[in-house]
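Just so you know, these numbers come straight off a predicted model, no measurement behind them.
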Amino acid sequence: MSSGSPDKRRKMESALNQLKKHTVVVADTGDFNAIDEYKPQDATTNPSLILAAAKMPGYQHLLDQAIKYGIAKGGTEEEQVANTMDKLFVSFGLEILKKVPGRVSTEVDARLSFDKDEMVAKALRLIALYEEAGIGKERVLIKLSSTWEGIQAGKDLEEKHGVHCNMTLLFSFAQAVACAEAEVTLISPFVGRIFDWYKENTDRKSYEPHEDPGVLSVTKIYNYYKKFGYSTVVMGASFRNTGQVKALAGCDLLTISPGLLAELNQDHSTIAEMLSVDRAKACDLEKIHLDEKSFRWEHNEDRMAVEKLSDGIRKFAADAIKLETMIKEKMLNVKNGQ
């Protein structure tokens, strides 16, 4: 006989467990020890998360192994560093895949954000490294910046190579429409960074979750995709508080940092489904088509999106450079027998 009424049992259930009934929960971290605790379906990484994890003593062995690999591959110092970086990103991905039943997202260098062919080449290199380690491409999402070139790289990877893509640094509706038309697997619209921009650039300093500009952006994209039957799925990303997460319950996926996962795990308030296909079908959005010119114009009309995309690329690139610097120093020590 079960104890207590269904209502009481529901109250005892964590917000995180309730959320998992409506949405696929993804861990946003390079620290795979944090993944064990919250049992997400998938995990995402980026250069900033890998940089933070690579500085932790517990992950030095992965960095050391990647450096040995890079040196063994030979070539110029630049080539050795590039091979080390690729190996390191994939090594973190491989460890994460031991902890999650689903997929890991591995990011292509943000410095390639405006070069379609180089993004495709780098993506295929990362996939080859996963395959060498016995992991098929169905368990990997390649993360690409949602520039026009990045979106076209995603289209090529999906169509010609069967490589699934996760379009990141997505802030504008134009980016979302172009990604859907490119038939990429998944997009990651950034809730928190949109919220940050509005806090910094308007007089408004706080928002209730239902009126949060980041939440509204993801809600509109989700509704548009579901209303018009696009195959691309939506993974809300970059959250600043659990209110934003709860306001998007029902979204296809949500990628959440360990800190917010912990808060949701301790929270026992009731989670309601906020997004649904039925609601999306009833909304009054109109279908649009974007070629390159109209994409660039529509994206450019959104000042927040232009600034946050540029800023995001710069920040990921800066962290990639910091990681390269760390690798070069360690590589020199290895070569000098230290």
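- Residue Lys99 qualifies as enclosed at atom NZ: its count of foreign heavy atoms under 6.0 Å is above 12.
- Pairs engaging residues 111-162 under the ring-ring contact (aromatic ring centres under 6.0 Å, His included) rule: Trp148-Phe295 [sequence neighbours left out].
- Classification of Lys328 and Glu324 as a salt-bridged pair fails, no side-chain N sitting under 4.0 Å from a carboxylate O.
- The line from NZ of Lys87 to CG of Leu94 is 7.0 Å long, rounded to the nearest 0.5 Å.
- Closest approach of Met119 to Thr147, counting heavy atoms only: CE-OG1, 4.4 Å.
- Between Phe171 and Leu169 there is a side-chain heavy-atom pair separated by less than 4.5 Å.
- Met274 is not listed as a side-chain neighbour of Leu248, based on a closest heavy-atom distance of 4.5 Å or more.
- The closest side-chain donor-acceptor pair between Gln266 and Ser14, if any, does not fall under 3.5 angstrom.
- With a 6.0 Å radius and a threshold of 12 heavy atoms from other residues, nucleotides or ligands, Glu286 has its CD atom at or below the threshold.
- At least one donor-acceptor pair closer than 3.5 Å links the side chain of Lys227 to the backbone N or O of Lys281.
- One side chain, His289 or Glu181, offers a donor N or O that lies under 3.5 Å from an acceptor on the other.
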- Message: Go through it in stages, so that I can follow the logic: the residues are Gln60 and Lys330, the test is side-chain hydrogen bond (donor to acceptor under 3.5 Å, both in side chains), and I'd like the CA-CA distance, side-chain angles, deciding distance and then a yes or no.
- Response: CA-CA 11 Å; Gln60 287 309 299; Lys330 283 190 163 277; 3.1 Å; yes
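- Val108 is connected to Val163 through a chain of hydrophobic side-chain contacts under 4.5 Å among Ile, Leu, Val, Met, Phe, Trp and Tyr, so both are in one cluster.
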- Chi angles and distances behind the salt bridge (charged side-chain N to carboxylate O under 4.0 Å, His left out) call for Arg193, Asp196: CA-CA 5 Å; Arg193 293 196 198 188; Asp196 295 345; over 6 Å; no
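- Side-chain polar atoms of Ser276 and Asp278 form no donor-acceptor pair below 3.5 angstrom.
- Judged purely by atom type and a 3.5 angstrom limit, Lys122 has no side-chain atom pairing as donor or acceptor with the backbone of Asp117.
- Summarising the geometry of Phe239 relative to Leu254, their closest heavy-atom pair is CZ-CD2, 3.7 Å, with the distance given to 0.1 Å.
- To the nearest 0.5 Å, atoms CD1 (Ile187) and OH (Tyr222) are separated by 12.0 Å.
- Rounded to the nearest 0.5 angstrom, Ile71 CD1 and Asn83 CG are separated by 11.5 Å.
- Residue Gln18 comes nearest to Ile271 through the heavy atom pair OE1-N, 2.8 Å, listed as atom of the first residue, atom of the second, then distance.
- The hydrophobic cluster containing Ile67 also contains Ile50, counting ILVMFWY residues as joined when their side-chain heavy atoms lie under 4.5 angstrom apart, directly or transitively.
- More than 12 heavy atoms of other residues, nucleotides or ligands lie within 6.0 Å of CD in Glu138, so this atom counts as buried by the packing criterion.
- The shortest side-chain heavy-atom distance between Phe89 and Leu129 does not fall under the 4.5 Å cut-off.
- Between Asp109 and Lys143 no salt bridge is recorded (no basic side-chain N to carboxylate O distance below 4.0 Å).
- How far CG of Asp156 is from CG of Leu124: 9.5 Å, rounded to the nearest 0.5 Å.
- In this structure, Gln244 and Asp212 approach most closely via the heavy-atom pair NE2-OD2, 2.9 Å.
- Proximity of a side-chain donor or acceptor of Asn17 to a complementary backbone N or O of Glu13 within less than 3.5 Å is not detected.
- Around NZ of Lys205, the count of heavy atoms belonging to other residues, nucleotides or ligands within 6.0 Å exceeds 12.
- In the hydrophobic clustering of ILVMFWY residues, with side-chain heavy atoms under 4.5 Å counting as a link, Leu186 and Ile221 come out apart.
- Here the side chains of Met235 and Asn166 are in contact, with some heavy-atom distance below 4.5 Å.
- The shortest distance between side-chain heavy atoms of Met85 and Leu88 does not fall below 4.5 Å.
- Side-chain atoms of Lys155 and Val184, non-hydrogen and from C-beta on, never get closer than 4.5 Å to each other.
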- Does the side-chain hydrogen bond (donor to acceptor under 3.5 Å, both in side chains) test come out yes or no for Lys199 and Ser206, once each step is laid out? CA-CA 7 Å; Lys199 257 177 51 174; Ser206 66; over 6 Å; no
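- Put simply, the residue from Glu292, His299, Glu298 that forms a side chain to side chain donor-acceptor pair (under 3.5 Å) with Arg296 is Glu292.
- Proximity of Lys55 to Met326: side-chain heavy atoms (C-beta onward) are separated by under 4.5 Å at one or more points.
- Side-chain contact between Lys220 and Cys283 is absent, with no heavy-atom pair separated by less than 4.5 Å.
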Could you pull out every donor-acceptor pair under 3.5 Å between side chains of residues 23-32 and any protein atom, sequence neighbours left out?
from: Thr23; atom 1: OG1; to: Gly250; atom 2: N; distance (Å): 2.7
from: Thr23; atom 1: OG1; to: Cys251; atom 2: N; distance (Å): 3.4
from: Thr23; atom 1: OG1; to: Cys251; atom 2: O; distance (Å): 3.0
from: Asp28; atom 1: OD1; to: Thr44; atom 2: OG1; distance (Å): 3.1
from: Thr29; atom 1: OG1; to: Asp31; atom 2: N; distance (Å): 2.8
from: Asp31; atom 1: OD1; to: Asn33; atom 2: N; distance (Å): 3.2
from: Asp31; atom 1: OD1; to: Tyr59; atom 2: OH; distance (Å): 2.3

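- Nearest heavy-atom pair, Arg111 versus Ala320, reported as atom, atom and distance to 0.1 Å: NH2-CB, 3.7 Å.
- Side-chain contact of Thr84 with Lys68: a donor-acceptor pair under 3.5 Å is absent, judged by distance alone.
- Among all heavy-atom pairs drawn from Ala54 and Leu323, the shortest one is CB-CD1, 4.0 Å.
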